[in-house]
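Single-structure report; data block below.
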Amino acid sequence: MHKLIIFINIVISGTLLAGTADLALELEFNEFNGVVYEPQGDFIARITNLGPDVAADNIPFPLPLTTFTSAIDDNGNFTPEIQFSADTQNNNQECYFTLAIGSPPPGSIGPKYVYGIDIPSLAVNETIECHGIFSRHFQSGTRDVTWQTYNSFDHDPNTDNNSQVITFGIPPKAVSVNNVFALVLLLLLVFYFGYHSKSNDDIKNIS
């Protein structure tokens with residue numbers, strides 16, 4: 001009970017002393033026309049505090065700021081349709097990747113998955129880069145994943161830069177076409193038979 005009272009006091013104090021911190025999220029994926037076609041690859045999540053105050057200042061938690069995904073469906077084999085995790089070059093002391101698995105809602109197949117990245121307090125104009133990897137586990141269509149940064153300890157004056165949608169898709173199938181040599185040969189044959197036909201017509205007209 002004593003610990004619960006201390007925790008409540010910390011939360012209330014943090015709320016009363018909340019500042020104003022504009023967090024901005026930028027995700028860097030290898031996209032083509034706005035779609036990520038690679039079955040797996042790496043990405044960078046950049047979170048910046050545009051101020052005017054320190055984000056999550058004097059909060060007694062090491063990683064108080066969170067960036068998380070929208071719910072991701074299961075592919076039917078107890079695997080997320082898209083998976084995320086930390087890259088080998090990621091600084092796990094600054095960017096801690098998390099995964100939450102929820103029970104499937106009625107009528108759904110398999111659980112829901114939500115990925116997150118927890119980061120420490122951010123000074124004004126400070127940016128933290130989190131390096132991650134992803135893999136795709138669906139066979140058709142596209143899937144949208146919305147990433148959103150969240151700060152429960154401060155007021156964010158601009159929420160328009162808090163989220164970003166990343167679209168994952170299957171690359172279109174290549175349509176086979178004739179090679180250049182076949183097209184040139186076909187063109188020569190058309191000219192040959194056209195000229196040959198015209199010569200025969202001229203001979204008939206002379207006769």
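Remember, predicted model here, so these are calculated numbers, not experimental data.
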Please identify each residue that fulfils side-chain hydrogen bond (donor to acceptor under 3.5 Å, both in side chains) with N161, with sequence neighbours left out. D22
Do the side chains of I119 and F153 join up, straight or via other hydrophobic residues, at under 4.5 Å, putting them in one cluster? no
Just verifying a value: how many Å separate T167 OG1 and R143 CZ, rounded to the nearest 0.5 Å? 11.5 Å
By ring-ring contact (aromatic ring centres under 6.0 Å, His included), which residues pair with Y113, not counting sequence neighbours? none
Please find the pair of heavy atoms, one from G51 and one from V124, that lie closest to each other, and give the distance. CA-CG1, 4.0 Å
Examine distances only and state if a side-chain atom of D154 and a backbone atom of T20 form a donor-acceptor pair shorter than 3.5 Å. no
Are W147 and F29 close enough that their ring centres sit under 6.0 Å apart? no
When clusters are formed by joining ILVMFWY residues with side-chain heavy atoms under 4.5 Å apart, either directly or through shared neighbours, do V165 and F134 land in the same one? no
Verify side chain to side chain contact (heavy atoms under 4.5 Å, CB included) between E126 and T48, making sure each step is shown before the conclusion. CA-CA 6 Å; E126 181 183 4; T48 302; over 6 Å; no
With no hydrogens and no angle check, just 3.5 Å: does a side-chain donor-acceptor pair link D156 and N151? no
Got a sec, which residues hit side-chain hydrogen bond (donor to acceptor under 3.5 Å, both in side chains) with T66, two or more places apart in sequence or on another chain? D118
Does P62 reach the side chain of Y96, with side-chain heavy atoms less than 4.5 Å apart? no
Using side-chain heavy atoms (C-beta onward) and a distance below 4.5 Å, is I82 in contact with H137? no
Is there a path of hydrophobic side-chain contacts, each under 4.5 Å between heavy atoms of I, L, V, M, F, W or Y residues, that connects I128 with L50? no
Please confirm whether the ring centroid of F138 lies under 6.0 Å from the ring centroid of F168. no
If only atom types and distance count, is the side chain of Q164 paired as donor or acceptor with the main-chain N or O of L27 below 3.5 Å? yes
S70 side chain to T146 main-chain N or O, any donor-acceptor pair under 3.5 Å? yes
ILVMFWY network linking V36 to F32, side-chain heavy atoms under 4.5 angstrom: no
What is the distance from atom CZ of F43 to atom CD1 of I133, rounded to the nearest 0.5 Å? 8.5 Å
Output the distance between atom CG (L99) and atom CZ (F68), rounded to the nearest 0.5 Å. 14.5 Å
Under 3.5 Å: donor-acceptor pair, side chain of N90, backbone of C95: yes
With no hydrogens and no angle check, do the side chains of T149 and N162 hold a donor and an acceptor under 3.5 Å apart? no
With I47, the side chain to side chain contact (heavy atoms under 4.5 Å, CB included) member among T67, I117, T127: T67
In chain order, what residues pass the salt bridge (charged side-chain N to carboxylate O under 4.0 Å, His left out) check against D74, with sequence neighbours excluded? none
To the nearest 0.5 Å, tell me how far N92 CG sits from D87 CG. 10.0 Å
Partner residues of R136 under the salt bridge (charged side-chain N to carboxylate O under 4.0 Å, His left out) criterion, sequence neighbours left out: none
What residues, two or more places apart in sequence or in another chain, satisfy salt bridge (charged side-chain N to carboxylate O under 4.0 Å, His left out) together with E38? none
Is any side-chain heavy atom of N30 closer than 4.5 Å to one of Y37? no
d(L63 CG, Q93 CD) to nearest 0.5 Å is 8.0 Å
Here the gap from H131 atom NE2 to Q89 atom CD, rounded to the nearest 0.5 Å, amounts to 4.5 Å
Whether N49 side chain and L122 backbone form a donor-acceptor pair below 3.5 Å: yes
For N58, is the CG atom crowded, meaning more than 12 foreign heavy atoms sit under 6.0 Å from it? no
Check: S121 side chain, A55 main-chain N or O, donor-acceptor pair, under 3.5 Å: yes
Below 4.5 Å, heavy atoms only, C-beta onward: do P120 and L65 meet side chain to side chain? no
